[in-house]
Amino acid sequence: MARISNGLYEIRWHGRGGQGAVTGAQILAEAAFLEGLWCQAFPYFGAERRGAPVTAYTRISKKPILVHSAIYSPDLVIVLDPSIMSIVDVTKGLKENGTLLVNSREIPKIERDDIRVFIVDATSISLELDLLVAGIPVVNTPMTGAAAKVLPLVGLESVLEAVHNKFIDSLGPEKTKLNVEAAKRAYDRVREV
Amino acid sequence: MVKDHIILPVSKPTEGSMGKTGLWRTFRPVINYDKCVKCLLCWFYCPDIAIKIRDDGYPEIDYCYCKGCGICWHECKVKAISFVREGEEVG
Amino acid sequence: MLGKVKKLGKKTLVITGNYAVAYAAKSARVEVVAAYPITPQTSIVEKIAEFVETGLMNAKYIRVESEHSAMAACVGASAAGARAFTATSSQGLAYMHEMLHWAARARLPIVMAVVNRAMATPWNIWSDHQDSMSQRDTGWIQFYASNNQEAYDTVIQAYRLCEDEDIYLPAFICLDAFILSHTSMPVTIHDEEDVDKFLPKYEARHWKLDVDNPVTNGNIVTPDHYYEMSWSMDESMRYVKKKFPEICEEYKELFGQWHGVFTKGYKIDDAEYVIIAPGTLFEESCVAVDMLRENNVPIGALKLRVYRPFPSEDIISVARKCKMLITLDRALSYGFNGPIFNDVRSAIYGETGTPVFGYAVGLGGRDVTFNDISSIVRDATLKLEKGLHSSFVYYGLKVGEK
């Protein structure tokens with residue numbers, strides 16, 4: 001498990017508009033908060049459109065976070081959609097010994113050999129649970145569960161609680177349970193390649 | 001309580017805060033009660049609220065505040081109001 | 001620190017700056033909200049509309065056709081004795097301009113969140129202080145929040161301040177577009193019952209629209225009286241300086257939150273150089289201060305929390321103790337530098353000869369990192385060593401690039 005360097009751990013999310021990168025970033029921030037840590041979650045400050053590549057960010061720290069500028073060298077990069085890797089350089093700025101976590105069935109082709117790579121088939125998890133929004137499998141919540149495996153100081157329990165808190169008011173208990181289950185399965189199935 | 005250093009342009013409705021504006025008049029409206037039908041258009045149109053309604057329902061001009069604009073004279077449908085030069089009697 | 005967050009966990013939510021402001025309006029038991037949506041302010045008024053719709057907030061939500069009408073409705077509501085709130089950004093604030101003067105001159109304690117966004121043209125939705133700085137002389141008190149907790153707490157503190165019988169002026173709470181408005185952070189929210197102890201129900205003490213006791217405010221006033229009314233507003237600004245310290249102390253006593261009063265220093269006690277910056281630029285400066293201190297640069301930072309009334313006294317006292325001031329402006333006064341730079345120089349004139357170096361940064365939302373601020377400090381240090389006394393620089397200007 002990685003350590004928090006300089007007291008700050010930074011995560012960058014890559015997805016497509018509508019895949020819930022911002023919500024995923026917020027869930028991890030809340031999970032960190034539940035662990036008693038300080039946190040920030042924010043979208044890339046741009047105009048978002050459904051389907052277009054988007055980024056979101058999470059910062060985690062043991063101390064109050066005073067940094068407000070963008071994240072240029074993340075410790076962890078989470079990719080919600082492997083197809084995005086052909087148009088976006090997802091490992092750009094990723095720290096040496098940093099972690100790349102990809103929603104993928106196959107081992108992605110990565111140029112860099114100084115990083116650790118983890119994969120989990122989040123799309124299949126959502127399909128088997130019938131966790132769909134407008135017919136499209138939800139990938140952000142399983143990826144938060146998978147992130148619990150690679151994150152320092154943030155455990156699965158906090159992530160599951162954060163997933164629950166995020167959806168219970170808007171989706172009700174049934175759908176929330178599915179989201180929590182998806183996060184749990186992703187945590188169990190994520191593997192290093 | 002109102003603080004000395006807070007100064008506000010607040011005004012309360014009072015009668016004749018500018019004094020007896022009837023002194024501004026050069027012509028005055030005069031009601032002929034034989035012709036008046038109590039329609040109260042004059043009372044309605046008077047911009048200075050200088051026409052009151054008497055207990056018997058007839059309008060009455062308050063010459064202390066009537067500035068002599070002539071609107072009531074203009075609006076009166078039964079020509080019960082004449083407009084008379086100050087210093088002269090109704091002709 | 002860790003324990004503190006955990007302890008407050010029950011009431012602490014991880015929310016955006018916009019939601020923090022909406023929760024503050026709820027905690028302050030705002031009675032009338034009139035607003036028109038504009039990016040990046042929209043989620044403030046959406047959240048408030050949700051609170052009102054679901055009965056969590058007992059307020060009248062007035063949908064209006066423009067920002068001018070939003071402020072006009074707030075003026076009416078406040079004049080009738082209600083606690084009024086609105087929020088806007090950029091062009092929306094500019095559109096309100098006429099009514100901003102009206103609200104202040106009628107001495108109505110309206111509180112408004114301004115999500116700082118660049119002015120058009122061209123369209124730009126990102127952070128820039130040109131919108132609020134351009135409204136400097138409307139008679140509104142101006143606060144700049146440096147994090148979401150401060151945005152929440154300042155809304156509540158602002159009502160208490162504005163509704164003080166010696167003040168009766170309206171206030172802006174400015175928060176940086178996206179950097180705070182759309183960024184989630186832990187924010188401790190207080191129950192209305194607790195806030196009631198700090199912020200009692202609003203009573204219009206000086207004048208009020210009341211059908212049983214009819215008055216008008218704003219009839220024609222001759223040159224005999226208008227002058228004194230303008231003086232009167234400035235006098236109330238002076239009372240802000242007198243009253244706000246007590247209000248912040250009492251808030252800290254009750255809720256444990258302290259964001260400074262008009263300014264807040266970071267490592268300034270032994271600092272030879274001090275960065276003066278509003279809002280998030282201050283917090284980013286603190287990170288730069290820590291980095292520079294590792295290399296033995298004797299630097300500190302001063303948060304400009306309140307911009308009007310301008311905290312001249314705080315700035316003079318810091319200037320007297322240090323060798324150089326560095327100002328960061330996220331706005332320009334075209335033809336004469338940046339507003340904070342000008343005000344800082346003006347404040348210390350005749351009091352101390354401390355050099356002041358000004359930098360324009362982050363216009364139109366360009367990212368300002370702690371590395372940028374470190375570069376600025378190095379640049380200013382070189383200028384000081386050369387014996388320069390003052391300059392204004394456009395940091396990171398990319399002129400000539402395509």
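Lettering of chains follows the sequences in order, A, B, ..., and the numbering in each one begins at 1. Bear in mind the structure is a predicted one, so any value in this text is a computation, not a measurement.
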With no hydrogens and no angle check, is any side-chain donor or acceptor of C/E284 less than 3.5 Å from a backbone partner on A/S69?
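Such a contact is found between C/E284 side chain and A/S69 backbone.
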Do you know the tightest heavy-atom contact between [X] and [Y]?
X: A/I65; Y: C/E283; result: O-OE1, 4.0 Å
X: A/C39; Y: C/P186; result: O-CD, 3.4 Å
X: A/H68; Y: C/S146; result: NE2-O, 3.2 Å

Would you mind checking which part of C/L180 comes under 4.5 Å of any heavy atom in chain A, side chain (CB onward), backbone (N, CA, C, O), both or neither?
side chain
Heavy-atom cut-off 4.5 Å, strictly under: side chain, backbone, both or neither for C/S127 against chain A?
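No part of C/S127 comes within 4.5 Å of chain A.
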May I ask you to check whether over 12 heavy atoms, not counting those of [X], lie within 6.0 Å of atom [atom1]?
X: A/R105; atom1: CZ; result: no
X: A/E192; atom1: CD; result: yes
X: A/R191; atom1: CZ; result: no
X: A/K175; atom1: NZ; result: yes

Taking atom OH of A/Y72 and atom OG1 of C/T369, what is their separation to the nearest 0.5 Å?
6.5 Å
Quick check on the interface: out of C/T183, C/V287, C/D290, who has the most heavy-atom pairs with chain A under 4.5 Å?
C/T183
Which atoms of A/Y57 approach chain C - backbone, side chain, both or neither, heavy atom under 4.5 Å
neither
